[in-house]
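This report concerns only the one structure given below.
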Amino acid sequence: MRGVARRVGSGRVERLAADLSDLADVRRLAEDVRARHDAVHLLVNNAGATFREHSVTGEGVERHVAVNHLAGFCLTTMLLDRLRAGAPSRVVNVVSATMADTRRLPVRRTPRPVRLDPAQLDDLTRLNPAAGYAQFEAYARAKLLTVMWGYRLAEQLGGSGVAVNAVHPGVAATGITADALPAAMAPLAGALRRLLLTPEEGARAVLRVATDPDLDGVTGRYFLRDEQARSPEVSYDPGLQRRLWDASAALAQGRTVA
């Protein structure tokens, strides 16, 4: 934050905070943005958190789903009119390639894509239940949901000048990477960090999708760092996208799904 202020001038930087696990606070954040700005040109949903223990929010939603999926969905949908007013504008969802392989140590055996039970998409409180809870898979599933609603939003906004894309920036040496390490590997954390991208290197892929003129008009895409890629096949199912959207919208608006 201070570094940005130094580069662009402190008078051009605002800091608005919210608890992204609390949808009421996310709604309050969106209203704060709306009160200050008539147009939004760029929205980067970069929230990422992972939790070793299973826990739920006040809405009864597992915390990975709340922070990594619902917070960005709620903020984006509440700012859609501002994004349209700022067109050409962009929404960038920062996701994770773990959705295509949920193994913590991806060696030898074949990749293990995250599982998604379609029956749970009508009631998001059923996602990532306590029974059989697996931290890494819960995180990957939440990021898969973000890719899915992004695809649906990109289609809805076709021709509006608002582009919606997702990007996996690479595995960077950040706090979330450390949190995702198995406890048995904690002594190796320092050595492993040296094999990962720096946070600055990880940010480059995000900044490219956010600002590169060569991507003007490109929407509804998933980028694996600098290259367009395929997300898990389930993410392209329009029926599942719609069901996820409806359930997410109900929670974001404080309603219950009938």
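Numbers for residues simply follow the sequence, beginning at 1.
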Under 3.5 Å: donor-acceptor pair, side chain of [X], backbone of [Y]:
X: R152; Y: W245; answer: no
X: R225; Y: H168; answer: no
X: D25; Y: D19; answer: yes
X: R82; Y: V40; answer: no
X: S89; Y: V162; answer: no
X: R243; Y: P118; answer: yes
X: N128; Y: H64; answer: no

Q: Begin with the C-alpha distance, continue with both residues' side-chain angles, and end with the deciding distance and a verdict on salt bridge (charged side-chain N to carboxylate O under 4.0 Å, His left out) for R28 and D22.
A: CA-CA 10 Å; R28 191 267 311 158; D22 181 344; over 6 Å; no
Q: Please step through side-chain contact (heavy atoms from CB on, under 4.5 Å) for the pair L23 and L70, ending with a clear verdict.
A: CA-CA 8 Å; L23 282 173; L70 278 173; 4.1 Å; yes
Answer with yes or no whether the hydrophobic clustering places [X] together with [Y]; edges join I, L, V, M, F, W, Y residues whose side-chain heavy atoms lie under 4.5 Å apart.
X: V91; Y: V206; result: no
X: L83; Y: V94; result: no
X: L207; Y: L215; result: no
X: V65; Y: L240; result: yes
X: L29; Y: L80; result: yes

Q) Given R27 and E31, is the salt bridge (charged side-chain N to carboxylate O under 4.0 Å, His left out) satisfied, shown in steps? A) CA-CA 6 Å; R27 288 191 287 268; E31 292 297 348; over 6 Å; no
Please round to the nearest 0.5 Å and tell me the distance separating atom [atom1] of [X] and atom [atom2] of [Y].
X: N68; Y: R141; atom1: CG; atom2: CZ; value: 12.5 Å
X: D32; Y: E14; atom1: CG; atom2: CD; value: 10.0 Å
X: D117; Y: R126; atom1: CG; atom2: CZ; value: 6.5 Å
X: F223; Y: Q228; atom1: CZ; atom2: CD; value: 4.5 Å
X: T125; Y: E59; atom1: OG1; atom2: CD; value: 11.0 Å
X: T77; Y: L153; atom1: OG1; atom2: CG; value: 8.5 Å

Q. Going by the angle between their ring planes, with limits at 30° and 60°, are H69 and W149 parallel, tilted or perpendicular?
A.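 Tilted, since the angle between the ring planes falls between 30° and 60°.
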Contact check, side chains of [X] and [Y], non-hydrogen atoms, under 4.5 Å:
X: V26; Y: L20; result: yes
X: L127; Y: L116; result: yes
X: T146; Y: F73; result: no
X: L251; Y: L124; result: yes
X: L121; Y: L145; result: yes
X: V209; Y: R90; result: no
X: T98; Y: V114; result: no
X: V56; Y: R63; result: no

Q | Listed once per pair and sorted, the ring-ring contact (aromatic ring centres under 6.0 Å, His included) pairs that draw on residues 22-44, sequence neighbours left out | A |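 Sorted pair list comes back empty.
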Indicate whether any N or O donor in one side chain lies under 3.5 Å from an N or O acceptor in the other, for [X] and [Y].
X: Q135; Y: T50; answer: yes
X: T102; Y: R112; answer: yes
X: S235; Y: Y222; answer: no
X: N45; Y: T76; answer: yes
X: S231; Y: Y236; answer: yes

Might you point out which heavy atoms bring [X] and [Y] nearest each other, and give the distance in Å?
X: V67; Y: S21; value: CG2-CB, 3.8 Å
X: V95; Y: M99; value: CG2-CE, 4.3 Å
X: N165; Y: V218; value: ND2-O, 2.9 Å
X: A210; Y: V92; value: CA-CG2, 3.8 Å
X: L79; Y: A30; value: CD2-O, 3.8 Å
X: M148; Y: Q241; value: O-CG, 3.8 Å

Q: Could you tell me whether R34 and D81 make a salt bridge, using a distance below 4.0 angstrom between a side-chain N and a carboxylate O?
A: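 A salt bridge is present here (some side-chain N lies under 4.0 Å from a carboxylate O).
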(Q) Quick one, Y151 with R221, criterion side-chain contact (heavy atoms from CB on, under 4.5 Å). Give me CA distance, side-chain angles, the key distance, then yes/no. (A) CA-CA 7 Å; Y151 287 157; R221 299 291 186 271; 6.0 Å; no
Q. CD of E155: more than 12 outside heavy atoms within 6.0 angstrom?
A.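 Open.
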Q.
Taking salt bridge (Lys or Arg N to Asp or Glu O under 4.0 Å) as the cut-off, I'd like each qualifying pair that reaches into residues 230-239, sequence neighbours left out, listed once.
A.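 Residue pairs passing salt bridge (Lys or Arg N to Asp or Glu O under 4.0 Å), neighbours aside: R230-E233.
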Q) Taking it one step at a time, do L157 and T219 satisfy side-chain contact (heavy atoms from CB on, under 4.5 Å)? A) CA-CA 9 Å; L157 295 175; T219 189; over 6 Å; no
